[in-house]
There are 2 protein chains.
Amino acid sequence: MLAIAEVGHVGRATQRVHISQPALSQQLCKLERELGVALFTRHHRGVSPTEAGLVMLDHARKILDQVEEARQAIESLNEAKTS
Amino acid sequence: MLAIAEVGHVGRATQRVHISQPALSQQLCKLERELGVALFTRHHRGVSPTEAGLVMLDHARKILDQVEEARQAIESLNEAKTS
DNA sequence: TCAGCTTACGTTCTGCGTAAACATT
DNA sequence: AATGTTTACGCAGAACGTAAGCTGA
């Protein structure tokens with residue numbers, strides 16, 4: 001969700017996530033409410049990350065990497081079983 | 001979700017997660033369908049993790065730790081701002 | 001006026017809880 | 001019979017998409 005907004009535009013990010021732009025905006029707003037901090041500053045030419053947004057981006061990448069790692073771990077374990 | 005089932009019983013885990021036992025069972029089944037692998041073997045005295053369950057457990061802990069780390073990072077960043 | 005984010009609103013889907021069923025000893 | 005997991009089912013809340021609104025250059 002946030003990781004996608006790293007493209008610089010909320011609207012531009014939609015083609016990566018395959019959801020509509022308002023929905024993505026809602027997700028972002030919800031996350032910001034949840035964290036109690038603004039992740040991006042809105043301006044007329046897309047958005048740019050705040051300080052908090054930057055640290056969050058870093059953590060988000062790590063989390064997603066970890067998830068992907070887990071997914072691949074069970075995947076390769078699956079193949080070993082079926083072979 | 002999975003991390004809670006590390007208590008050994010699906011039913012016993014409910015008091016940690018504060019959701020009903022059927023709901024937790026559903027989550028577990030859904031995750032197993034999603035991964036295409038059984039995470040636990042069911043027997044008459046609770047459940048015990050399969051091989052896949054064990055590796056998943058390991059990854060799940062890392063992921064949750066990472067999430068917690070992120071949450072605390074923005075938290076401390078918030079406090080710095082307000083002070 | 002234009003580009004891009006946000007709000008409104010109705011619909012669809014997901015997740016939970018209660019209740020009932022199934023399985024194993 | 002008893003313990004523990006799963007299925008059925010109805011409902012509340014969340015998420016999405018379409019459409020309309022808002023804002024700054």
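Side chains are part of it too, since the values below use all heavy atoms of this structure and drop only hydrogens, waters and symmetry mates. Because the structure is a prediction, the values reported are computed rather than measured. The chains referred to below are lettered A, B, ... by the order of the sequence lines, with proteins before strands, and numbering in each begins at 1.
Taking 4.5 Å as the limit, some side-chain heavy atom of A/Cys29 sits within range of a side-chain heavy atom of A/Arg33. Between B/Lys62 and A/Lys62, the closest side-chain pair of non-hydrogen atoms is not below 4.5 Å.
Side-chain heavy atoms closer than 4.5 Å link hydrophobic residues (I, L, V, M, F, W, Y) into clusters, and following such links, possibly through other members, connects A/Leu31 to A/Val55.
Contact annotation for B/Gln27: backbone-only contact, meaning every heavy-atom pair under 4.0 Å involves sugar-phosphate atoms and none involves a base. Across all strands, A/His43 comes closer than 4.0 Å to no nucleic acid atom at all (heavy-atom distances).
When rounded to the nearest whole Å, the span between CG of B/Leu28 and C1' of D/dT7 equals 15 Å. The distance between atom CG of A/Leu31 and atom C1' of D/dA15, rounded to the nearest whole Å, is 15 Å. Between B/Arg33 atom CZ and C/dT14 atom P there is a gap of 11 Å when expressed in whole angstrom units. Atom CD of B/Gln26 and atom P of D/dG10 are 14 Å apart (whole Å). Atom NE2 of A/His44 is separated from atom P of C/dG4 by 12 Å (rounded to the nearest Å). What separates CD of A/Glu32 from P of C/dC5 is a distance of 13 Å, to the nearest Å. Protein atom CD of B/Gln21 is 13 Å distant from nucleotide atom C1' of C/dC22, rounded to whole Å. Across the protein-nucleic acid pair, A/Arg45 atom CZ and C/dC5 atom C1' stand 13 Å apart, rounded to whole Å.
Using a distance-only test at 3.5 Å, with no hydrogens or angles considered, no donor-acceptor pair links the side chain of A/Ser25 to the main chain of A/Gln21. Judged by distance alone, the side chain of B/Thr14 and the main-chain N or O of B/Ser20 form no donor-acceptor pair under 3.5 Å.
In this model, the phosphate group of C/dG4 is approached by a side-chain N or O of A/Arg12 to a distance below 4.0 Å at OP1 or OP2. Note on B/Lys30: a side-chain N or O is less than 4.0 Å away from OP1 or OP2 of C/dG15. At D/dT23, none of the side-chain N or O atoms of A/Arg42 fall inside 4.0 Å of OP1 or OP2 (strictly under the cut-off).
Checking D/dT18, C/dC5, D/dT6 against the side-chain heavy atoms of A/Ser25 singles out C/dC5 as nearest. Closest approach to the B/Val47 side chain among D/dT5, D/dT18, C/dT18 is made by D/dT5 (side chain taken as heavy atoms from C-beta onward).
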